[in-house]
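Shown next, in structure tokens, is the structure this report addresses.
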Amino acid sequence: MSADSSTATQTVPVLVPTPSPEPYTYALGEGMQAGPGTIVQVPLGPRQVPGVVWDGAGEDAAVDPKKLRPVTAVFDCPPLTGDMRRFIGWVARYTLSAPGMVARMVLRVPAAFEPEPPVPGLQLTERRPERMTAARERVLALAGESSPMAWTRSGLAHAAGVSLSVVDGLTKAGAFEEIALPPQPVVAAPDPAYGAPDLQGEQAQAAKALADEVAAHAFSVTLLEGVTGAGKTEVYFEAIAAALEAGRQVLVMLPEIALTQSFIDRFEARFGAPPAPWHSDLPPKTREKVWRQVAEGSVRVVAGARSALFLPFADLGLIVVDEEHDAAYKQEDRVYYNARDMAVVRAKLAHCPAVLVSATPSVETRHNALEGRYRHVRLPRRFADAALPDVALVDMRKSPPARGGFLSPVLLEAMAETLQRGEQSLLFLNRRGYAPLTLCRACGHRFACENCSAWLVEHRFRGQLQCHHCGHHEPVPEACPQCGTFDHLVACGPGIERIAEETLAHFPEARVIVLSSDMVGGVKRLRLEMESIAKGEADIIIGTQLVAKGHNFPLLTLVGVVDADLGLANGDPRAAERTFQLLSQVTGRAGRTGRKSHGLIQTYQPEHPVLKACADGDLEAFYAAQIAERKRGAMPPFGRLAAIIVSANDRQSAEAHGRALRAAAPASGDIMVLGPAEAPLALVRGRHRFRLLVHGSERADMQAYLRAMIAAAPNPRGSVRVAVDVDPQSFL
DNA sequence: AGCACGCCGACT
DNA sequence: GTCGGCGTGCTC
């Protein structure tokens, strides 16, 4: 600080929620203190916004003093730690977004920056009322037993079984005095010694390996890999226990869908208290409390979706990323990031271990483990006597389904046997509705969406044709809109409704349940159906992707994959990986009880290496092939682009380029650059704003590619702005 | 005239 | 990201 600073206005750099590449400078009022990390409120245009005081004195890039506006308020809140500030800066640079927009993700808690108001409470005094009643006796007895403890007004009334007026009367008579209670913790403290399991063999070894990493108090990454049912959760719970014993905080990240009551219940059974939850639809009050108490360090364990990574932990000792391969970790709006990768960075900056957990790790994580960058801890066997199902491919050319059907005799036979034994079967098909395409046999007209040109999917149960891209729907017409012919519309291909129809035709007595995300009755109904399945109230379950994740079907002994070829040829650069993960997950649903179980995978390409790897359970072959393929690819550290379209930042020309790409029908994995030849260079130099159209599942990966491109030819002005958009049609 | 909508620049 | 200003073009 210069010598004359006492006379000049004090200024501070503040990150504000704008796309500005730099912090703004604000004047600090007389007597205000605000070091780096302090959370403040500042005026921005016509509004007041939260901001965080950034590092650097702010005197060099001198702003026009006339523009300087004063900091409105300095919050009484723990400042963001140096780790947290470095993390914000790192994420901003890596994702090509403005640091203020990253800070915004940290500060997106409406009113958590002021200390929680104390709760009004009552404490017993020496005085007693003149008139005593039975109700008053009860209250005084209860309050007397727990001598130093204070009560809330309603809590005391409730516990004593009296009305509020009894308590109020006693307070008025001077038997209680009003005191201020500290704010309630959102969750009780978890106890690492509560419900400690007696792990044996491989589980015990794995748990020790993780606990050692936690004890080392240093950055490390471990891949915890194990088949479904091997007890991965129990093992990483021991790493959490180790961090708790060391007095540090823990973040457990889960894909939103896995943040279920059953996870919370398991956690509570192990630690005697639930973790603090964090996800997008947490009630605002809880949200504020969790944020505040995480910042103060009183919340010890958070279980959250990807946004939990931006909570301001006071002393982070461990990050667990469960289901690390899950695509839900990719945030694909505003700031584009993959929370799994950012978790590793956060752990590095916080000098703590990260544990990535999966039965089917992503190819890049598996590669990092094989290369020795990550420690690799494996649980190859199922826990207790549960055995993995025997999985076999069904060659549909050799045992074709009956005309008009989609289930091969082999699968139907296995279903019949399973039914006879009184056991459950699951048929998996990743397609909602009755049929994915409807056409007119008279003129060949195909029903397509008027907005986005995707085929309309027939939903026979609702009597509608639906577009799964934009939500457009129309009733199924009786005549062809093109040629007017009646009764010539045919459904092409299967959806789960159609599979249900075929199943009921073969097994009219069976109790069949159909599960999909668009189920009538919503999430509530879905949960009820899941419960009735667990109770054995269904014989055959037919479902989409939804059945692969989260829920367990304890009685299941047969899994049939209706069409394994479905996901393999859709142009997604991760098609092979995703198919492998999905099929492993869905066949892994079977056999949890220890009964003999089977998986049957129907395919027209039984020699396909991905499907063979699924049938043989040969992970090594699968990963070796994928890694080799990625290494040949263009995307760092590896990975391949489906396509890049570089075009001017207006929707019309971007869409024109999308159409051009479709016309060119690119081979999967090719890189295409459309637009002027120098477009990529112009992008790097920041002369224009560009829009990229890429396959929906790969936008976060695309960031990595762009980052490498820009690193190769740095942009001196640092002003490249990239918007990444999806054109769901480009690769169909 | 009145206003809905889209584009553009400023915000410290 | 969010706001206000301003121009265009349409409706009452």
Side-chain angles (χ1 to χ4, degrees), chain A residues 1-2 5 8-30 32-75 79-80 85 88-89 91-113 280 284 287 306-307 310 331-337 647-656 686-692 699-700 703 717-725:
Chain A
M1 204 176 288
S2 52
S5 66
T9 322
Q10 257 206 8
T11 63
V12 278
V14 177
L15 277 193
V16 285
T18 65
S20 161
E22 302 200 326
Y24 281 178
T25 308
Y26 283 86
L28 204 53
E30 201 68 22
M32 273 186 176
Q33 292 288 317
T38 308
I39 298 170
V40 292
Q41 188 173 51
V42 290
L44 183 68
R47 37 191 196 128
Q48 294 286 327
V49 294
V52 42
V53 176
W54 214 232
D55 302 76
E59 74 282 314
D60 36 12
V63 290
D64 183 352
K66 284 197 284 291
K67 277 188 173 179
L68 266 187
R69 294 170 79 185
V71 170
T72 311
V74 176
F75 289 115
L80 299 188
R85 281 175 275 136
I88 290 172
V91 172
R93 281 191 297 282
Y94 186 85
T95 61
L96 309 175
S97 35
M101 297 313 293
V102 180
R104 182 176 176 266
M105 300 196 290
V106 179
L107 302 182
R108 217 163 28 187
V109 246
F113 312 134
S280 53
R287 202 179 169 78
R306 58 173 185 250
S307 58
F310 293 92
Q331 163 130 45
E332 312 215 306
D333 62 341
R334 300 178 180 91
V335 178
Y336 289 67
Y337 65 91
S647 67
N649 186 28
D650 68 290
R651 181 150 272 283
Q652 282 202 334
S653 65
E655 280 168 1
R687 280 195 280 141
H688 304 290
R689 291 160 73 193
F690 287 95
R691 182 172 293 251
L692 299 175
R699 283 172 289 177
Q703 286 285 349
R717 294 197 297 130
S719 62
V720 176
R721 286 197 52 187
V722 179
V724 183
D725 198 7

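Convention: sequence-line order gives letters A, B, ...; per-chain numbering from 1.
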Just the atom pairs and distances: protein N or O near nucleotides 7-11 of chain B's N or O, under 3.5 Å.
| residue | atom | partner | partner atom | Å |
| --- | --- | --- | --- | --- |
| B/dC11 | OP2 | A/Lys67 | NZ | 3.4 |

Residues that A/Gln41 engages under side-chain contact (heavy atoms from CB on, under 4.5 Å), provided they are two or more places apart: A/Gln48, A/Thr72, A/Ala73, A/Phe75
Results of side-chain contact (heavy atoms from CB on, under 4.5 Å) for A/Ser307 - residues two or more places apart only: A/Trp278
Distance, rounded to the nearest Å, where A/Arg104 contributes CZ and C/dG1 contributes P: 7 Å
A/Gln10 CD to B/dT12 C1', straight-line distance once rounded to whole Å: 16 Å
Below 4.5 Å, heavy atoms only, C-beta onward: do [X] and [Y] meet side chain to side chain?
X       : Y       : value
A/Val14 : A/Pro23 : no
A/Leu80 : A/Ile88 : yes
A/Val16 : A/Trp54 : no

Which nucleotide in B/dT12, C/dC3, C/dG1 has an atom nearest any side-chain atom of A/Pro46: C/dC3
